[in-house]
**Q** 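Handing you a structure now.
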Amino acid sequence: MPEADEVDEEEEMPLSLRLSIADTLTLGNATCGFMAVYFTTTGILIPHLTGSEESGMARHSAATAVILMLCAAIFDLFDGLVARKLRSSPMGAELDNLSDLISFGLAPAYFVLVYGMVAHDAYQRVAAVGAIVVLLAVVLRLARFSCVTVKDGTFQGMPSPFGALTVVSIVLLELPFVATLLAIIGTAWLMVSRVEYPKPRGRLAVAMLSWIVLSMGLLAAWAFDAPSGQLLLQTGCALQLVMGAVIPLFATARRVNNFRDNRREARAAQLP
């Protein structure tokens, strides 16, 4: 009876080997991260090493690599939403961490490393140290995320997708090398810090998706040398940095206010 055999095969298949829709989105995240490394290598690093003067090709490849990281962030956003609405396989959490390590750890760290090799005022070895700091920050952040339980609705430390996009924005701003390196190290510190960041749910998720789509448009305008494309790109990157700096300030101010309110309530409770 072939139908009975098929049912038996399904029942014998381990639950841990069945991929859900959310897992498929997570694999899309990993694929985008790997392709970002590919375009960074073939479009920026190799032309530089071979002495090619095609600056337009490098610009297109840089934009493509960053757009792929943005696509990875979209996959990362939706796999969590889908997993909550439908279901996730037992491998879901592990797949998510491994994919995030590729897209938001390896890809931006490699982008920083290549920047140190191709920028005129950069120091290759120092940039390599900055790239390692970014990679290790993401590794530590993802490991801590798997082990530490925080209150619902928040992340402890800057989320790795937000951190990766901030690191890339710092590089694209083309600041002086020292300022670029300090900003990258500061972003890495925020990823492993205890600063609370809100999880992208509801309106915040819609706002984050809209921001990612807008960033893609700015990158495309810059890549194709549109009028004022460079200015638009720098404006978008600057806004990304401002958000990265403002959110921790708001979170810290909220924690301080909550601490003060708790102390006032405790003192009021002690009064006769």
Side-chain angles (χ1 to χ4, degrees), residues 28-73 75 99-139 160-161 163-185 187-188 215-234 236-238 240-241:
N29 171 6
T31 302
C32 288
F34 174 78
M35 293 305 296
V37 173
Y38 168 80
F39 278 100
T40 303
T41 302
T42 59
I44 303 175
L45 181 59
I46 292 179
H48 172 75
L49 295 177
T50 56
S52 174
E53 299 296 332
E54 296 182 15
S55 59
M57 178 182 176
R59 186 169 61 249
H60 293 164
S61 298
T64 302
V66 180
I67 286 174
L68 284 165
M69 293 185 214
L70 290 167
C71 289
F75 279 118
S99 297
D100 287 354
L101 179 58
I102 296 171
S103 299
F104 311 125
L106 176 62
Y110 186 71
F111 198 82
V112 172
L113 179 66
V114 172
Y115 154 76
M117 299 176 69
V118 303
H120 296 295
D121 64 338
Y123 298 91
Q124 182 176 336
R125 294 183 179 179
V126 181
V129 173
I132 292 172
V133 169
V134 171
L135 179 63
L136 293 182
V138 175
V139 170
S160 52
L165 298 180
T166 303
V167 167
V168 170
S169 297
I170 293 168
V171 174
L172 292 177
L173 271 176
E174 298 181 352
L175 300 171
F177 177 71
V178 174
T180 298
L181 185 65
L182 291 176
I184 288 172
I185 293 176
T187 303
S215 299
M216 288 182 177
L218 295 176
L219 282 164
W222 172 67
F224 290 101
D225 205 15
S228 303
Q230 180 72 20
L231 178 61
L232 291 173
L233 177 71
Q234 291 180 344
C237 292
Q240 178 72 26
L241 265 66

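Source: prediction; values computed, not measured.
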**Q** What is the distance from atom CG of Leu70 to atom CG of Leu218, rounded to the nearest 0.5 Å?
**A** 10.0 Å

**Q** Is a side-chain donor or acceptor of Thr50 paired with a backbone partner of Pro47 at a separation under 3.5 angstrom?
**A** yes

**Q** Report the C-alpha separation of Thr180 and Tyr115 in whole Å, then their side-chain angles, then the decisive distance to 0.1 Å, and conclude whether the side chain to side chain contact (heavy atoms under 4.5 Å, CB included) test is met.
**A** CA-CA 11 Å; Thr180 298; Tyr115 154 76; 3.8 Å; yes

**Q** Residues in ring-ring contact (aromatic ring centres under 6.0 Å, His included) with Phe177, at least two apart?
**A** Tyr123

**Q** Would you give the length of the straight line joining atom CZ of Phe75 to atom OG of Ser99, rounded to the nearest 0.5 angstrom?
**A** 10.5 Å

**Q** Testing the basics here: between Gly130 and Val112, what is the closest heavy-atom pair and its distance to 0.1 Å?
**A** C-CG1, 4.4 Å

**Q** Between Leu68 and Tyr38, is any pair of side-chain heavy atoms under 4.5 Å apart?
**A** no

**Q** What pair of heavy atoms forms the shortest contact from Pro108 to Ser103, and how long is it?
**A** CD-O, 3.3 Å

**Q** I want to check something: taking the side chain as every heavy atom from C-beta on, are Val133 and Ile184 in contact at a cut-off of under 4.5 Å?
**A** no

**Q** Mind checking the CG-CE spacing from Leu219 to Met216? Nearest 0.5 Å is all I need.
**A** 8.5 Å

**Q** If you define the side chain from C-beta out and look only at heavy atoms, does anything of Phe111 sit under 4.5 Å from Val66?
**A** yes

**Q** With the side chain counted from C-beta on, respond yes when Val134 and Ile185 share a heavy-atom pair under 4.5 Å apart, and no when they do not.
**A** no

**Q** Can you tell me how far the OG1 atom of Thr187 sits from the CG atom of Leu241, to the nearest 0.5 Å?
**A** 6.5 Å

**Q** Compare every heavy atom of Ala109 with every heavy atom of Ala131, then report the nearest pair and how far apart it is.
**A** CB-O, 3.1 Å

**Q** Please tabulate, for the side chains in residues 168-176, all donor-acceptor contacts under 3.5 angstrom to protein atoms that are two or more places apart in sequence or on a different chain.
**A**
unit_1: Ser169; atom_1: OG; unit_2: Leu165; atom_2: O; d: 2.8

**Q** Mind listing the closest non-hydrogen atom pair of Ser61 and Gly43 along with its distance?
**A** OG-CA, 3.0 Å

**Q** Run the ring-centre check on His60 versus Phe39 and record whether the distance is less than 6.0 Å.
**A** no

**Q** How long is the straight-line distance from OG1 of Thr31 back to CD1 of Ile102, given to the nearest 0.5 Å?
**A** 8.5 Å

**Q** Rounded to the nearest 0.5 Å, what separation is found between the CH2 atom of Trp222 and the SG atom of Cys237?
**A** 8.5 Å

**Q** Is there side-chain contact between Asp225 and Arg59, with heavy atoms separated by less than 4.5 Å?
**A** yes

**Q** Evaluate the side-chain proximity of Tyr110 to Thr41: yes if any heavy-atom separation is below 4.5 Å, no if none is.
**A** yes

**Q** Which heavy atom in Asn29 sits nearest to a heavy atom in Ala72, and how many Å separate them?
**A** OD1-CB, 3.3 Å

